[in-house]
Engineer: 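Quick one: structure below, then a few questions.
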Amino acid sequence: MEFVERFKKSFNIEWVKLELLKTAYGKKETYMGQLDPRVIMIWYLIVSLLPWFTFNFVILIGLAIYTSVLALITRVSPLIIFLLAIGVIGELGYIFLVVFFMGGDFEAYASLITLTLKIIIMSIASIAAFASMDPEKLSDALLSFGVPAQFSFAVSYGYRMLPILMDEYQQIIQSFRLRGKAPEKAGFLKWKLVYYYVVIVIKAFYPMMLNTAKRTRTTVEALEVRGFSYSLHSEEAKKQKLSHLKIKGKEYQFIASSCVILTIIHVAGHLYYI
Amino acid sequence: MGMQRNEYTQSQKMMVFILSMSLFGLANLFTELLPEFTIGPVELSISYLAFIPLTLVMLFNPWYAAFGASVGEIIFGDLLLGDFGGLGELEGFIEFTMAMYIAGLLVTNLNSRKQIAIAAIVGVMIDQMLSTVVDVGKVWFGIEELEAVPGLPASILAIEGVSFVTEMVISGVLFGLIPALYLIPKLYGKIEPLLGIEPREGRVKASMTEWVSVRFVIIAVFLMFVAMISEFMATMDINFAVWEPEFLEQFGEGYIWLPISAAAVIFVTVVIAAVKFSKSRNSTKSRKSA
């Protein structure tokens, strides 16, 4: 049933558009969202790498619970949780099924669970860290870690251009549909209809590519007039852009509490080894 | 081809980058929300509209187009959707950028449909092979006693094999090769002037050295793929001989890691060498032109 629901929703373009805009521009005033993005990124790196250095089940479960609690605090969008759940459940069920047919026994599942736990910890940690983070904040953090400035520009650009691009693509598709003729009979499993839409989706990229090329040139020329390339490589411009990043009391609290919790999890793991 | 790459000005590089990023990002928004059909072991899903980066990589400078496409995927498909995967994204980013870059380098004559077709298929294949290698590696690294679990290595191989084939058919041919063959002849010579760039010359051939390094990378990827899979098969064999404990002791666990780490080292070295080589070539050329 979930599949049918998702299918119906996916084919309602308006819904998709609204949902996307909501996720991209929604308010993100959560606990993790308010912290300095650099601290969050380092936290994420540590937490997602830790599970790969251990096979201790207690530590893994502790980490999973810890990241889940943080993810719950950050109030993640239901769409994202839904997509993640579908992915994990599908993957798990699928692996179990194949192992079963290949003649595996319960032991196979047990060791698979360890692996799945590790992957789950990684994805929950990334949700907790990044779902509530403003994309521009994230790009600032990356910039301060030395990622090329082009990336941080691309984030800002995408953030602003997304609605325009989506509108334009939708309009091209609508005009294709206006001038075209949908198949009268849907055929077996509606394949004729699916084929009709697939062809439109692909053909619509022809005008889309040309239009985007024109717009891109305008954008870049406007940027160059303001000395954009120069600012990309200027240390001073970078410093000014990142001056708002500061580590204060809140961040210190977060760092201290994470250290304590991670230590407790590891000590517990070594005391109660299963 | 080498000469052409150097003709790009700073703003033209930026234009190609933004163009590729916006288009592939938009396509990713779209595919991210498409439903997946799962029929038993076969998962039919469109994981990406490969024809967009393939087209751009062949029409423009392959590096900036490939890089832009990967950035677009991360920004539109993940970051703006609040679905940023952190380290997992890095893996896909490297795989995809490299695959598309190679696809772009392979084409020397845009009027040849054969070349376009080969480059498109090779591009998607490299991406899929690399991701298979990484997936198998993850299972290897993440499970303590893989050999001790009967049925598991075979299952993982079966899953990866099926997904490789379906990905090649759906992403590689249906949404890669065929649309690219439709779009490239239509766009060639039309889209470049919009950015103030000369169309890629049809008859310019890549210099021998460039070809060699591209081939090296392709072969390295392929060898790594083969090495990983065959070593994985070897794990299965040990698995069948599980009632002969001496056999395990004789080889030990380290034995498995030897060839695979050798393959990895060779692979990394080749990539670094190729990158350094092309960089030094570029710098000598720019010095000459200056």
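We name chains A, B, ... by the order of the sequence lines, and we start the count at 1 in each one. The structure displayed is predicted, hence computed values, not measured ones.
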Engineer: Between B:Met21 and A:Ala154, which heavy-atom pair has the shortest distance, and what is it?
Structural biologist: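 Heavy-atom minimum between the residues: SD-CB, 3.1 Å.
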Engineer: Go through the steps to decide whether A:Met166 and B:Phe76 satisfy the test side-chain contact (heavy atoms from CB on, under 4.5 Å), and finish with yes or no.
Structural biologist: CA-CA 11 Å; A:Met166 272 165 60; B:Phe76 287 74; over 6 Å; no
Engineer: Determine whether B:Leu174 and A:Val198 satisfy the following criterion, side-chain contact (heavy atoms from CB on, under 4.5 Å), listing intermediate values before the conclusion.
Structural biologist: CA-CA 10 Å; B:Leu174 294 181; A:Val198 164; over 6 Å; no
Engineer: Do B:Gln10 and A:Phe228 have side chains that approach each other closer than 4.5 Å (heavy atoms only, starting at C-beta)?
Structural biologist: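 SC-SC contact between B:Gln10 and A:Phe228 ruled out.
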Engineer: Which pair of heavy atoms, one from B:Leu194 and one from A:Leu210, lies closest together, and at what distance?
Structural biologist: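 Looking at all heavy atoms of both residues, the closest pair is CD1-O, 3.6 Å.
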Engineer: Using a cut-off of under 4.5 Å for heavy-atom pairs, which of B:Leu49, B:Leu56, B:Leu195, B:Val71 has the most such pairs with chain A?
Structural biologist: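 That would be B:Leu195.
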Engineer: Against chain A, label B:Leu183 side chain, backbone, both or neither, depending on which of its atoms sit under 4.5 Å from a heavy atom there.
Structural biologist: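 Side chain of B:Leu183 only, per the 4.5 Å heavy-atom cut-off to chain A.
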Engineer: Tell me, do A:Ile202 and B:Ile178 make a side-chain contact under 4.5 Å, heavy atoms counted?
Structural biologist: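 They are not in side-chain contact.
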Engineer: Considering only heavy atoms from C-beta outward, does the side chain of B:Ile75 approach that of A:Tyr157 to under 4.5 Å?
Structural biologist: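 They are not in side-chain contact.
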Engineer: Sort out for me which of A:Met209, A:Glu224, A:Lys214, A:Met208 touches chain B most, counting heavy-atom pairs under 4.5 Å.
Structural biologist: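 The residue among A:Met209, A:Glu224, A:Lys214, A:Met208 with the greatest pair count is A:Met209.
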Engineer: Would you please name every residue forming a ring-ring contact (aromatic ring centres under 6.0 Å, His included) with B:Tyr48, sequence neighbours left out?
Structural biologist: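 Counting only residues at least two positions away or on another chain, B:Tyr48 forms a ring-ring contact (aromatic ring centres under 6.0 Å, His included) with B:Phe96.
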Engineer: To the nearest 0.5 Å, what is the distance between OG1 on A:Thr216 and CG on B:Leu19?
Structural biologist: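 CG of B:Leu19 is found 5.0 Å from OG1 of A:Thr216.
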Engineer: For the residue pair B:Thr55 and A:Phe205, establish whether any side-chain heavy-atom pair is separated by less than 4.5 Å.
Structural biologist: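 Not in contact.
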Engineer: Nearest 0.5 angstrom please: B:Gln12 CD to A:Arg217 CZ, how far?
Structural biologist: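 Going from CD on B:Gln12 over to CZ on A:Arg217, the span is 8.0 Å.
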Engineer: Would you find more than 12 non-hydrogen atoms of other residues, nucleotides or ligands less than 6.0 Å from A:Phe145 atom CZ?
Structural biologist: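 Check passes, neighbour count above 12.
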Engineer: Determine the minimum heavy-atom distance between A:Gln150 and B:Phe17, stating which atoms define it.
Structural biologist: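 Closest pair (atom of A:Gln150, atom of B:Phe17, distance): O-CE2, 4.1 Å.
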Engineer: Where is the tightest heavy-atom contact between B:Ser22 and A:Thr212, given as atom of each residue plus distance?
Structural biologist: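 It is CB-CG2, 4.0 Å.
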